[in-house]
Amino acid sequence: MKIGMVSLGCPKNLVDSEVMLGIIRDKELEVTNDPAEADLIIVNTCGFIESAKEESINTVLQMGEYKTQGSCKYLIMTGCLGQRYADELFESLPEVDAIVGTDSFTDIGWVIEQVMAGKRLKHLEKLESKNVKALPRMLTTPSYMAYLKIAEGCDNCCSYCIIPQLRGPYTSRPYDEVMAEAKALAEHGTKELIVVAQDTTRYGEDLYGKLMLPQLLRDLNKLEGIQWIRVMYLYPNNFNDELIAAFAECDKVCKYIDIPLQHASDRLLDSMNRSDTRAQVEALLDKLRSRIPGITIRTTFIVGFPGETEEDFAELMDFVEKQRFENAGVFQYSQEEGTVAGAMENQIAPEIKENRYHELMALQAGISEELHQEREDAELDVIVEGFDEENPQLAVGRSCHEAPDIDGNIFIENAGNVQVGDMVRVRILQGFTYEMVAELI
C-alpha cells in the first residue's frame with residue numbers, strides 16, 4: 001500500500017501533513033512522491049482566500065484523475081477547505097472518499113482503514129480514543145531546516161479572516177513538548193529552526209497566563225546544532241520589551257522580524273479589528289530598529305479592503321515609503337463568506353484593487369532594490385539550498401535576512417565545491433529587487 005501526499009498552503013499546514021505522514025509511516029505503509037504509483041492520495045488543502053481555495057479544488061481534481069490513469073484507488077481530502085465546506089464538497093466531489101477536518105487529521109490512520117473497508121465518510125471531530133500528545137512526524141523539508149509549530153488556532157478575529165472558524169481558538173502547545181520536539185529536530189541535523197503559529201507572540205498566554213515566547217527563544221538558543229532560529233507571524237500588539245530583548249541578545253535568533261501590519265490607516269485598521277494604530281506601530285518599529293542592530297523587517301499589507309478610500313491608500317503608500325521595509329507582501333482583499341468584512345456593503349471594485357496592488361508593489365520593489373544595493377560589499381553567512389540548473393557552479397542560498405519560499409535568494413558564483421546544507425561565508429557583489437549575487441570568501 002503506497003500513500004501519496006500533496007500539501008498546500010502555509011508552513012503550519014505542512015507540519016500537519018508531516019504529522020499525518022509520520023502516523024502513516026508508523027502503520028508500516030509506504031510513502032511515495034509519485035502520485036501515479038500511489039494507491040491512496042491525500043490532499044491537505046488550504047481555504048484561506050479565494051485563490052487558495054481554487055488551487056485546492058484544482059489539485060483535488062488533478063489527483064482524482066489518477067483513479068483512472070494511475071494506481072490510485074482512494075482519495076482523501078484534509079485541511080482547511082475540507083473543514084470549511086465539508087458538506088458541499090462531499091456532495092460535489094464523488095471521487096473523494098473521505099473529508100477530514102482540521103481537528104481530526106491525527107485520526108488519519110483510522111480514516112485510511114475506513115476507506116479501505118469501502119466506507120465513504122466525513123470526519124470532522126477527533127476520536128477521543130486517539131487523543132494522544134506525542135505524535136510522530138515525517139519531515140518533508142530539506143534536512144538542514146524544519147518548522148516548529150508552537151500553537152494552533154487564533155483568537156485575534158480580524159474582520160477579513162476565516163482562520164478562527166477553521167482552526168478554533170488559540171491553543172498553545174505545552175512548553176516541555178515544544179522543547180522536546182526542538183531538541184529532537186536539532187539531533188536530527190536541523191540547522192535552521194523556523195517557529196510558526198497563527199500568532200507566535202501570544203504563545204503561552206492561554207496555558208501559563210503570560211507570554212512565553214521570549215523564554216522559549218532563550219531556551220531554544222541553548223540547543224546544540226541549531227544555528228538559526230527564525231520566528232514568523234509576530235503580531236505587533238504583544239511585541240513587548242522582553243521579546244525585543246530576546247531577539248537582541250540571543251545570538252542564534254535571526255534578526256528577522258516577520259510582522260503582518262495589513263494597513264496604516266487608523267480608520268481601516270479599526271474596521272479590520274486590528275488592535276494597533278499607525279502611531280503605535282511606528283513607535284514599535286523605531287524601537288525594534290534602535291535595539292536590534294542589523295534587523296530585517298518583513299510585513300504584509302492588504303489593499304482594496306472594504307471602504308478603502310484614495311486617502312486611505314495614500315496614507316498606506318506614505319507609510320511604506322517612510323518605513324522602507326526590506327520585504328513586503330501585498331494582497332488584494334479577498335471577500336470571504338462568513339467573515340465580518342465579507343458582509344460589508346462598501347466593497348472595492350476589482351480593477352481598483354488591481355491598480356492599488358501594482359502601485360504599492362512597484363513602490364516596495366524600488367525600496368527593496370535600494371536596500372539590497374546598500375548591502376553590496378557586506379559579508380553574510382548563507383545556507384546553500386541548491387544550484388542553478390544551467391550553471392552548476394552557481395549556488396543558490398539564503399542568509400538570515402531571507403525566509404524560505406517568501407523572500408528572494410542569494411546566488412553564489414564559483415561555488416561548485418559546496419554542498420546543499422552547507423553554511424558558507426559570502427561577499428555581496430550586486431543587489432537587485434528580489435535577489436543578490438555574491439562570491440565565496
Side-chain angles (χ1 to χ4, degrees), residues 48-51 156-161 163 199 201 232-240 244 256-290 292 295-336 339-372 374 406-407 433-434:
F48 181 46
I49 57 177
E50 192 61 35
S51 59
N156 290 325
C157 297
C158 300
S159 65
Y160 51 80
C161 185
I163 292 297
D199 177 356
T201 49
M232 308 298 291
Y233 316 112
L234 294 148
Y235 276 58
N237 51 314
N238 285 319
F239 214 125
N240 57 24
I244 294 174
Y256 175 98
I257 307 295
D258 173 54
I259 184 167
L261 299 176
Q262 311 306 8
H263 216 279
S265 161
D266 287 349
R267 190 182 67 83
L268 277 194
L269 288 169
D270 181 64
S271 184
M272 289 177 173
N273 198 33
R274 305 283 292 186
S275 59
D276 297 283
T277 64
R278 174 174 176 172
Q280 289 171 327
V281 168
E282 287 175 332
L284 173 61
L285 295 174
D286 288 344
K287 189 183 292 187
L288 288 169
R289 288 174 172 134
S290 65
I292 308 175
I295 188 175
T296 289
I297 299 180
R298 185 188 204 283
T299 189
T300 53
F301 296 110
I302 296 172
V303 295
F305 185 81
E308 183 187 53
T309 63
E310 289 293 342
E311 290 76 17
D312 293 323
F313 181 66
E315 186 171 359
L316 177 58
M317 291 285 287
D318 175 73
F319 176 73
V320 171
E321 188 168 14
K322 289 178 178 176
Q323 288 298 326
R324 294 179 62 78
F325 297 101
E326 280 76 8
N327 295 294
V330 181
F331 296 89
Q332 297 180 50
Y333 168 73
S334 176
Q335 185 178 8
E336 296 298 320
T339 64
V340 173
M344 292 178 179
E345 295 181 356
N346 48 356
Q347 300 290 325
I348 304 297
E351 61 269 19
I352 295 177
K353 289 193 282 190
E354 181 85 12
N355 290 338
R356 290 176 181 174
Y357 166 80
H358 289 297
E359 192 173 346
L360 184 53
M361 282 293 289
L363 172 62
Q364 179 58 46
I367 293 170
S368 295
E369 184 170 21
E370 290 172 4
L371 294 175
H372 283 159
E374 290 177 10
I406 57 174
D407 297 324
T433 303
Y434 301 111

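We count residues from 1, following the sequence as given.
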[X]: partners by side-chain contact (heavy atoms from CB on, under 4.5 Å), with sequence neighbours left out:
| X | result |
| --- | --- |
| N238 | T201, R202, L211 |
| T277 | D266, A279, Q280 |
| A365 | T433, Y434 |

How long is the gap from [atom1] on [X] to [atom2] on [Y], to the nearest 0.5 Å?
| X | Y | atom1 | atom2 | value |
| --- | --- | --- | --- | --- |
| L316 | E311 | CG | CD | 13.5 Å |
| N355 | L360 | CG | CG | 12.5 Å |
| H358 | L363 | NE2 | CG | 14.5 Å |
| I244 | L288 | CD1 | CG | 4.5 Å |
| M232 | I257 | CE | CD1 | 10.5 Å |
| H372 | I367 | NE2 | CD1 | 12.0 Å |

So, F305 versus F313, ring centres under 6.0 angstrom or not?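 Judged by ring-centre distance (under 6.0 Å), F305 and F313 do not meet the cut-off.
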With a cut-off of 3.5 Å and sequence neighbours excluded, list every side-chain donor-acceptor pair involving residues 344-352.
from, atom 1, to, atom 2, distance (Å)
Q347, NE2, A341, O, 3.0
Q347, NE2, M344, O, 2.9

Would you please name every residue forming a salt bridge (Lys or Arg N to Asp or Glu O under 4.0 Å) with R267, sequence neighbours left out?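 Listed in chain order: D312.
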Those residues that, when tested against D286, pass salt bridge (Lys or Arg N to Asp or Glu O under 4.0 Å) (two or more places apart):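 None.
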So, using side-chain hydrogen bond (donor to acceptor under 3.5 Å, both in side chains) as the criterion, who are the partners of [X] when residues are at least two apart?
| X | value |
| --- | --- |
| Q323 | R289 |
| S368 | Q364 |
| E50 | K53 |
| E310 | R356 |

Quick check: closest heavy atoms across F319 and V281, and the distance to 0.1 Å?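 Smallest heavy-atom distance, with atoms named: CZ-CG1, 4.0 Å.
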Which atom names give the shortest non-hydrogen contact between S159 and T339, and what distance separates them? O-CB, 3.3 Å
So L234 and F239, do their side chains get closer than 4.5 Å, heavy atoms only?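 Result yes, sub-4.5 Å side-chain heavy-atom pair found.
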Within a 6.0 Å radius of atom CD on E354, are there more than 12 heavy atoms belonging to other residues, nucleotides or ligands?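 Enclosed: over 12 neighbouring heavy atoms sit under 6.0 Å from CD of E354.
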Check ion pair K322-E282 (N to O, under 4.0 angstrom): no
Please report, to 0.1 Å, the donor-acceptor pairs under 3.5 Å made by any side chain of residues 296-303, with sequence neighbours excluded.
from, atom 1, to, atom 2, distance (Å)
T296, OG1, R375, NH2, 3.2
T296, OG1, H401, ND1, 2.6
R298, NE, D407, OD1, 2.7
R298, NH2, I406, O, 3.4
T299, OG1, I259, O, 2.6
T299, OG1, L261, N, 3.1

Distance-only donor-acceptor pairs under 3.5 Å for side chains of residues 268-275, two or more places apart:
from, atom 1, to, atom 2, distance (Å)
N273, ND2, C157, O, 2.9
R274, NH1, Y160, OH, 3.3
R274, NH2, P260, O, 2.6

Indicate yes or no for a side-chain donor-acceptor contact from D258 to the backbone of Y233 under 3.5 Å, with no hydrogens or angles considered.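 Confirmed, D258 side chain pairs with Y233 backbone.
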E315 side chain to H263 side chain, donor-acceptor N/O pair below 3.5 angstrom: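 Per modelled atom types, E315 and H263 side chains form no pair under 3.5 Å.
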